[in-house]
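All remarks here apply to the structure that follows.
On a predicted model such as this, the values are computed, not experimentally measured, just so you know.
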Amino acid sequence: MLSLIVALVLAIFLLLVILAIVFPYDYTWMFRKADSKKIEMIPGPKPMPLFGNILLFNVPAHQLLNVLLRLHKEYSSTFRIWVMGFPEVFITDPDDIEIILSSRSHITKSLDYNLLQPWLGTGLLTSSGDKWQSHRKILTPAFHFKILEEYVQVFNSNSRVLIQKLQENVGKPFVDISSYVTMCTLDIICETAMGITVNAQTGGQTDYIKAVKRMSELVVHRQTAPWLHRRSVFKLTPSGREQGRVLKKLHGFTEQVIKERRAEYRAGINRFSVVNNGSYENSGKRKHMTFLDLLIEVSEKEGLLSDTDIREEVDTFMFEGHDTTSAAISWALFTLGSHPEIQENVIRELGEIFGDSEREATYEDLQKMKYMEQVIKEALRLYPSVPGICRKLDVDVKLKNYMIPAGTSTPIIPYIIHRNPEIFPNPEEFNPDHFLPEVAQTRHPFAYIPFSAGPRNCIGQRFALLEEKAVLASVLRKFKIQSLDRRESIDLMLQLILRPKHGIRVKLTPR
């Protein structure tokens, strides 16, 4: 009998060692009884030994949101799960969200973000502490309105190409609008971030474009397979080896552009200098300053950024500013195509701005698109581009009803938060009036967070909103959009970006 007990103990110990090697979780949680008791005060499903509640999420990707919605409904606005001995506390109450997101004590991202580090390093999205604070300060001038004004011509020129590609689909039964919009936003971000033209919409730079797409797919694949989270394990797999090859293409491309731009700066070619009022001086032939130009200037003048630092921030901007805006534009077109009366309201506003002219939008025109902005924000309420964010607490936190111990991950799911019926009556209804100024001003500031909130909010949200207005206005002035799928028939994929499983089918009719 004693030998059987010893064998059982050894087997359990061996299993724990294997789990600790494969899974990157904090196994000290298993022995911190006082903290575990605090977590168990929070309602949630009963965990299985060792595995916790991870098997609840062993469902097809398009059903993950349904699992979270069910847990939220069954337990409370704050609920917990255990994942391999590690606690995660989901927070949906705006007051509790404010406690987390408004504090500079809780800026550390969760372990999931480590999966992006092979690509993005410790850029603005994944870094924390002093590096995050210093880089945030350095990068803020890149989004000054005087610089954003110059980007409007980039939005317009690439929107023209999008219109040409869409015109080829007029008369067809349907077009997957999201695939075309994605290529357009990729062209825009390459030109604004790096000052290069990749011609994604017309088949240019296919190796780099394929690498960007494939890298995102590999991150999602690894995200949904916890046994691949530990880097030493992932590197041994076929997917890990493929990621290494893809990263060589991505980093090699960015590094070459940085090398060329630094050489131009030192030679006095296309040199940009930011001045105090947010505008810039230009000694070269390119028409506008790019994100990369600012980083090169800071590096050369102040010595604060290495080539690796610059590559990490450019790659981060490429990642964050490409798929997110593509998703926002695509979902806005889908919702407008499902609500022709609201689409006509947008057209009426565009008519008041442009009349019968075919001139392209200016920065001032985009500022006048108030109803368009309400539509975009309402689409982001129903379909937030980033469906979830997560913090790893560095210190204990007292929420309204619970004490959350340090080391806990706190997922915050905007898709759920934006459907609070106490804040958004009839939450499943598409209603741009939710964002009338007089309505929005009375709303809790942390009840609507498509760009996160607090000190780690999205630094590029003004850039994104301008781009979305410009592209949407261009498309809607040329085409009437009719969505062919009902909302309830679209399977949503809870990935890095909220995606439809099978694209977004619309029918295009010339105006």
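Here Arg511 pairs with Glu344 in a salt bridge; the nearest charged N to carboxylate O distance falls below 4.0 Å. Using a cutoff of 4.0 Å between basic side-chain nitrogens and carboxylate oxygens, Lys370 and Glu349 are not scored as salt-bridged. Here Glu358 does not pair with Arg477 in a salt bridge; the nearest charged N to carboxylate O distance is not below 4.0 Å. Checked for salt-bridge contact, Glu373 and Lys469 meet the test: a charged N lies under 4.0 Å from a carboxylate O. Ion pairing between a basic and an acidic side chain is recognised when a charged N comes within 4.0 Å of a carboxylate O; Arg359 and Asp365 show such pairing. Ion pairing between a basic and an acidic side chain is recognised when a charged N comes within 4.0 Å of a carboxylate O; Glu352 and Lys368 show no such pairing. Glu378 and Arg381 are joined by a salt bridge, as a carboxylate oxygen and a charged side-chain nitrogen come within less than 4.0 angstrom of each other. Salt-bridge annotation for Asp485 and Arg505: present, with a side-chain N of the basic residue lying under 4.0 Å from a carboxylate O of the acidic one.
No donor-acceptor contact under 3.5 angstrom links the side chains of Thr197 and Asn199, judged on distance only. In the model, Thr324 has no side-chain atom that pairs as donor or acceptor with a side-chain atom of Ser385 under 3.5 Å. In this structure, a donor-acceptor pair under 3.5 Å is absent between the side chains of Trp119 and Glu312. If you check the side chains of Asp95 and His444, you find a donor sitting under 3.5 Å from an acceptor. At a cut-off of 3.5 Å, with distance as the only test, no side-chain donor of Asp96 or Tyr402 sits close to an acceptor on the other residue. Under 3.5 Å, the side chains of Ser452 and Asn457 contain no donor-acceptor pair of N or O atoms.
Taking all atoms of both residues into account, the shortest heavy-atom contact from Ser102 to Phe446 is CB-CZ, 3.9 Å. Heavy atoms only, all atoms of each residue included: Ser76 and Phe79 are closest at O-CD2, 3.5 Å. Looking at every heavy atom in both residues, Ala361 comes nearest to Met369 through CB-CE, 4.5 Å.
No side-chain donor-acceptor contact under 3.5 Å links Arg348 to the backbone of Gln343.
Ring centroids of His72 and Phe90 are separated by 6.0 Å or more, keeping the two rings apart. In summary, the aromatic rings of Phe155 and Phe463 are positioned with their centroids under 6.0 Å apart.
Classified by interplanar angle (parallel below 30°, tilted 30° to 60°, perpendicular above 60°), the ring pair Phe317/Phe291 is tilted. Note: Trp331 and Tyr383 have parallel aromatic rings, judged against thresholds of 30 and 60 degrees for the angle between ring planes.
By the neighbour-count criterion of 12 heavy atoms within 6.0 Å, atom NZ of Lys507 is sparsely surrounded, having that number or fewer from other residues, nucleotides or ligands.
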